[in-house]
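Predicted model only: the values in this text are computed from it and were never measured. Scope of the values below: all heavy atoms of this structure, side chains included, with no hydrogens, waters or symmetry mates.
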Amino acid sequence: MKKRLWTRREALKTGLKGLTVGAVAASGLVAMPALAATLVKGADVSWVSQEESSGYSFYNSAGTKTDPFKLLKDLGVNTIRLRVWVNPSGGWCDGADTLYKAKRAVAQGQKIMLTFHYSDSWADPGKQNPPSAWASHSLSQLVTDVYSHTQGILSYLKTNGVTVDYVQVGNEINSGMLWPTGKASGSSFSNLVQLINSGYDATKAVFPSAKVVLHLSNGYDNSLFRWFFDGMKSNGAKYDVIGMSHYPTSSNWSTLNAQLSTNMSDMVSRYGKPVIIAETGMDWQQATASKAMLSDVLTRVSALGSNGLGVLYWEPQAYPGWQGYTWGALDGSGRFTSALDPF
């Protein structure tokens, strides 16, 4: 006979309040962890306005042109992640473009997660270039820059009716940000932590309840995460959530998912912080494998209870080959593949 799944609350309601969770399990009832209030099932869609301006459209399964934010909502996506650049070429991902996309998400009832790159273009483990306007600035000036930019963007959104729920201070900051001043190496984290804390303070000044995320790539790499977050702890970094990128392939996803799960559990126990998979994805032509991977990741995140906040797919609405990217979840006809079905 299949065992019924019980939570502590159910045990209390049914008169089992004298039993511990362990005793409940021993009695044949399976104790379940407390789930996060609402599991984040998200998508980073920062390219969407640029795609639309280039003539691309998005369609439902019947072939009807549809707002991509609605398509994602109908697939279960409840959170939209947007990157923010300081003075980008063409204006894409600046304040105005971010507001435009955020308001479309809010109209669908979706929450907002912002990723501040603190750059005019891509920031990732291989490059963390300061904005051109900040290039010659000292550490103290950069600390002020980070605060002003973060507070300015968030206030702009708030004034225009957008509430931000999650804020990433930096993007995939494995070796810091705003290089060379904010570069982290060995046991040197002091400059980086000053920059992070400035972004944290700016976030809380505008949205006190927003969760500040520190985000690294390679979520399977426990040694990287221990090194980085040990450095954060010893230098007094302020943050709320540990974010991870996770990009397995069809041949290794099972192995990397298990390593990701081990790392997530270690981060929760070692630092007392919840975790979120801020980015994930696989090749659009491997939708079946991607679907299995995402389903498994969601299960592993949910197993952390309130310490597993959720999972966000990176640019699922990217047409195959858009900007050279092929790891979206859209086919050539502008319809979503089965990759997002687990949401």
Side-chain angles (χ1 to χ4, degrees), residues 5 7-8 21-22 25 30-37 39-42 44 79 81 113 115 124-125 166 168 170-176 184 186-187 189 211-234 237 239-283 286 288-314 327 339 342-343:
L5 302 181
T7 64
R8 183 188 291 270
V21 171
V30 181
M32 296 294 288
L35 295 178
L39 195 67
V40 170
K41 298 177 180 179
D44 188 313
T79 303
R81 180 178 184 258
M113 178 178 187
T115 304
D124 54 48
Y166 300 90
Q168 275 189 218
N171 184 70
E172 294 187 333
I173 54 174
N174 299 27
S175 296
S187 60
F189 291 93
K211 292 180 171 64
V212 172
V213 183
L214 298 187
H215 169 220
L216 309 185
S217 69
N218 297 341
Y220 61 85
D221 190 346
N222 181 245
S223 61
L224 165 67
F225 277 73
R226 281 194 169 202
W227 167 76
F228 184 90
F229 285 100
D230 278 356
M232 295 297 99
K233 184 175 181 178
S234 63
Y239 67 100
D240 304 311
V241 179
I242 292 175
M244 305 176 174
S245 288
H246 182 61
Y247 288 105
T249 67
S250 59
S251 62
N252 69 13
W253 71 260
S254 183
T255 298
L256 290 190
N257 276 20
Q259 293 173 353
L260 174 75
S261 187
T262 297
N263 190 33
M264 289 192 296
S265 295
D266 186 54
M267 293 299 99
V268 170
S269 62
R270 190 175 179 88
Y271 306 108
K273 302 289 186 181
V275 297
I276 193 166
I277 307 306
E279 296 182 16
T280 195
M282 282 177 59
D283 192 297
Q286 298 166 344
T288 299
S290 184
K291 177 180 175 179
M293 180 276 292
L294 182 59
S295 178
D296 186 61
V297 169
L298 283 165
T299 297
R300 293 175 183 275
V301 170
S302 295
L304 296 171
S306 60
N307 287 310
L309 298 185
V311 182
L312 297 100
Y313 210 98
W314 199 79
W327 282 41
F343 281 163

- Would the Tyr239 and Phe229 ring centres measure less than 6.0 Å apart?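 For Tyr239 and Phe229, the ring centres are under 6.0 Å apart.
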- Do the ring centers of Tyr220 and Trp253 come within less than 6.0 Å of each other?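 Centroid distance Tyr220-Trp253: not below 6.0 Å, so no.
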Minimum-distance pair of heavy atoms, taken over all atoms of [X] and [Y]:
| X | Y | value |
| --- | --- | --- |
| Asn263 | Met244 | ND2-CE, 3.6 Å |
| Thr280 | Ile277 | CB-CG2, 4.2 Å |
| Ala278 | Met113 | CB-CE, 4.2 Å |
| Met264 | Leu304 | CB-CD1, 3.8 Å |
| Leu309 | Pro274 | CG-CB, 3.9 Å |
| Ile242 | Val213 | C-CG1, 4.4 Å |

Is there side-chain contact between [X] and [Y], with at least one heavy-atom pair below 4.5 Å?
| X | Y | result |
| --- | --- | --- |
| Gln259 | Asn222 | no |
| Asn257 | Val297 | yes |
| Ile173 | Leu216 | yes |
| Leu39 | Ser302 | yes |
| Trp314 | Ser245 | no |

Rounded at 0.5 Å granularity, tell me how far [atom1] in [X] sits from [atom2] in [Y].
| X | Y | atom1 | atom2 | answer |
| --- | --- | --- | --- | --- |
| Met293 | His246 | CE | NE2 | 5.5 Å |
| Lys41 | Leu312 | NZ | CG | 12.0 Å |
| Ser175 | Asp124 | OG | CG | 11.0 Å |
| Met232 | Lys273 | CE | NZ | 12.0 Å |
| Lys291 | Met282 | NZ | CE | 13.5 Å |
| Asn171 | Leu214 | CG | CG | 12.0 Å |

- Mind checking salt bridge (charged side-chain N to carboxylate O under 4.0 Å, His left out) for Glu172 and listing every partner two or more places apart, or none if nothing turns up?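 None.
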Among side-chain atoms of [X] and [Y], is any donor-acceptor pair under 3.5 angstrom?
| X | Y | answer |
| --- | --- | --- |
| Asn174 | Ser217 | yes |
| Asn252 | Thr249 | yes |
| Asp230 | Tyr271 | yes |
| Thr79 | Tyr166 | no |

- Look at the side chain of Asp221 and the backbone N and O of Leu224, then say whether any donor-acceptor pair between them is shorter than 3.5 Å.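 A pair under 3.5 Å: yes.
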- Message: Test your reading of the model: is there a side-chain donor-acceptor pair from Ser290 to the backbone of Gln286, 3.5 Å cut-off?
- Response: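 Flag not set: sc Ser290 to bb Gln286 has no pair under 3.5 Å.
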- Message: Applying ring-ring contact (aromatic ring centres under 6.0 Å, His included) to Phe189 and Trp227, what does each step give before you reach the verdict?
- Response: CA-CA 11 Å; Phe189 291 93; Trp227 167 76; 4.9 Å; yes
